[in-house]
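As structure tokens, the structure follows; a few thoughts come after it.
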2 protein chains.
Amino acid sequence: MSTNNSSDSGRRPEASTQPRNWLQPFLLLSIQQWQSHGYELMQRLSVFGFEAMDPGSVYRTLRQLERDGLVSSDWDTNSSHGPARRVYSLTESGETYLQTWASALRGYQSMLDSFFKSYATDAGDRRGET
Amino acid sequence: MSTNNSSDSGRRPEASTQPRNWLQPFLLLSIQQWQSHGYELMQRLSVFGFEAMDPGSVYRTLRQLERDGLVSSDWDTNSSHGPARRVYSLTESGETYLQTWASALRGYQSMLDSFFKSYATDAGDRRGET
DNA sequence: TCATGTAGATGCATACTGCACCTATTGGCA
DNA sequence: TGCCAATAGGTGCAGTATGCATCTACATGA
């Protein structure tokens, strides 16, 4: 009962958000491949489908990854212009952690597969209900 | 089996966690298909690859979905044994919202695809290293 | 009448995230 | 020279989500 006719039926809050902590594995992978600094990594993330990332999230995540020993950073003061950059590279722990993340992401992948298996089936099936 | 790499930084936090709010679309889809109650839905989630879900999260999410008008519930007092159950069904808003979620999940799917495209490439590359 | 299984729900501490805001360096240009 | 924009990195805060523990309540069988 109680068909809650709240006027905000058009809520689309998380639908535009990436699952939170995915930033971590995508950053790790990006660092593994490009060994770049935060500002650039932030832009490279778009390759993976991230839209505009919040700089705060990216820098905070990177510092956290370094505190955890998964990446290490050096200052690059030879940049052509602009302030010095903190250039990141993966540590061995980071490589291992990335592997762990990869297998977790495989899990999410199969969850999505099963979701769309059911969703697609249902979409074709619907309206034939008794 | 979450081979807990114990070496130095023994953090293995999110690798075992599903992206948070995915509970929502998977619950919506489950309700659409089975029109069941929380306790059972909680068990059905394992079909999609969710491990043991926290009951608190499931019930809280369901009540929230109802507050938002995406599902509606009726009490089923005819259960063979045990207390009454709150049986959920999708509202039209819920159907729409599920569609929105589905397209978001498609996005995550393609993010995972691009992740593994890069990851696989890199893995093959690194193994070829002498 | 008590323990157990079923069913639903809440409170709290912590964690994550988005947003706003801040510092600093370099170079262009009026 | 002084100012602004672009580049680069970072912090604080508030809102939300989550895991865990805990609680109520019903039904049944011993």
Side-chain angles (χ1 to χ4, degrees), chain A residues 2 8 11-27 31 34-45 50-68 71-88 101, chain B residues 11-27 30-31 34-45 50-68 71-88 101 104:
Chain A
S2 77
D8 66 343
R11 70 194 297 275
R12 36 104 190 83
E14 308 82 355
S16 60
T17 312
Q18 3 277 343
R20 284 80 182 129
N21 39 17
W22 284 22
L23 192 52
Q24 266 193 43
F26 281 89
L27 276 178
I31 290 168
W34 290 306
Q35 258 152 10
S36 193
H37 58 281
Y39 191 81
E40 196 179 36
L41 286 168
M42 200 163 39
Q43 297 165 338
R44 302 256 199 199
L45 283 175
F50 286 86
E51 323 224 326
M53 278 307 301
D54 174 44
S57 298
V58 173
Y59 289 121
R60 234 185 291 117
T61 301
L62 286 170
R63 305 300 284 130
Q64 183 63 51
L65 289 173
E66 186 167 24
R67 268 193 298 276
D68 294 339
V71 301
S72 61
S73 67
D74 291 288
W75 284 103
D76 170 19
T77 51
N78 292 335
S79 64
S80 52
H81 90 157
R85 320 155 156 181
R86 196 186 276 279
V87 178
Y88 289 94
W101 255 114
Chain B
R11 71 195 299 276
R12 36 95 186 91
E14 309 83 355
S16 60
T17 311
Q18 5 277 345
R20 284 82 182 128
N21 38 16
W22 284 22
L23 192 52
Q24 266 193 42
F26 281 88
L27 277 178
S30 299
I31 291 168
W34 289 306
Q35 260 149 9
S36 194
H37 57 281
Y39 191 81
E40 197 180 35
L41 286 168
M42 200 164 38
Q43 297 166 337
R44 304 255 198 199
L45 283 175
F50 285 85
E51 323 223 328
M53 278 307 301
D54 174 45
S57 298
V58 173
Y59 288 120
R60 234 184 291 115
T61 302
L62 286 170
R63 307 298 286 130
Q64 182 62 52
L65 288 173
E66 186 168 22
R67 267 193 298 275
D68 294 339
V71 301
S72 61
S73 67
D74 292 288
W75 284 102
D76 170 19
T77 52
N78 291 336
S79 64
S80 52
H81 87 160
R85 315 154 159 183
R86 196 186 277 278
V87 179
Y88 289 93
W101 255 114

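Owing to the predicted nature of the structure, the values given are computational and were not obtained by experimental measurement.
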A/E40: side-chain hydrogen bond (donor to acceptor under 3.5 Å, both in side chains) partners, not counting sequence neighbours
A/S36, A/R44
Any heavy-atom pair between the side chains of B/L27 and B/L45 that's under 4.5 Å?
yes
What integer distance in Å separates A/Y39:OH from C/dA24:C1'?
14 Å
N/O to N/O distances under 3.5 Å, protein versus nucleotides 20-22 of chain D:
from	atom 1	to	atom 2	distance (Å)
D/dC20	N4	B/R60	NH2	3.2

Nearest to side-chain heavy atoms of B/P83, which nucleotide of C/dA7, C/dA9, D/dG9
C/dA7
For the pair made of CG in B/D76 and P in C/dT6, what is the distance, rounded to whole Å?
16 Å
Can you tell me how far C1' of C/dT23 sits from OH of A/Y59, to the nearest Å?
12 Å
Sorted by chain and number, sequence neighbours left out, side-chain hydrogen bond (donor to acceptor under 3.5 Å, both in side chains) with A/D74 holds for none
Could you tell me how far apart A/H37 (NE2) and D/dT7 (C1') are, to the nearest whole angstrom?
8 Å
OP1 or OP2 of C/dG8 less than 4.0 angstrom from a side-chain nitrogen or oxygen of B/R63, does that happen here?
no
Once ring pair (Phe, Tyr, Trp, His ring centres under 6.0 Å) is applied, do any residues pair with B/F26, and if so which ones, sequence neighbours excluded?
A/F115, B/F48, B/F50
Length of the line joining B/R85:CZ and C/dA9:P, which is rounded to integer Å
14 Å
To the nearest Å, how far apart are A/R67 CZ and C/dA15 C1'?
14 Å
Taking only residues two or more places apart in sequence or in another chain, which ones pass side chain to side chain contact (heavy atoms under 4.5 Å, CB included) with B/Y39?
B/H37, B/M42, B/Q43, B/Y59
Measure the distance from CH2 on A/W75 to P on D/dT7 and round it to the nearest whole Å.
17 Å
Residues in side-chain hydrogen bond (donor to acceptor under 3.5 Å, both in side chains) contact with A/E66, at least two apart in sequence or another chain:
A/R63, A/S73
Calculate the interatomic distance between A/M42 atom CE and D/dA8 atom C1'; express it in whole Å.
8 Å
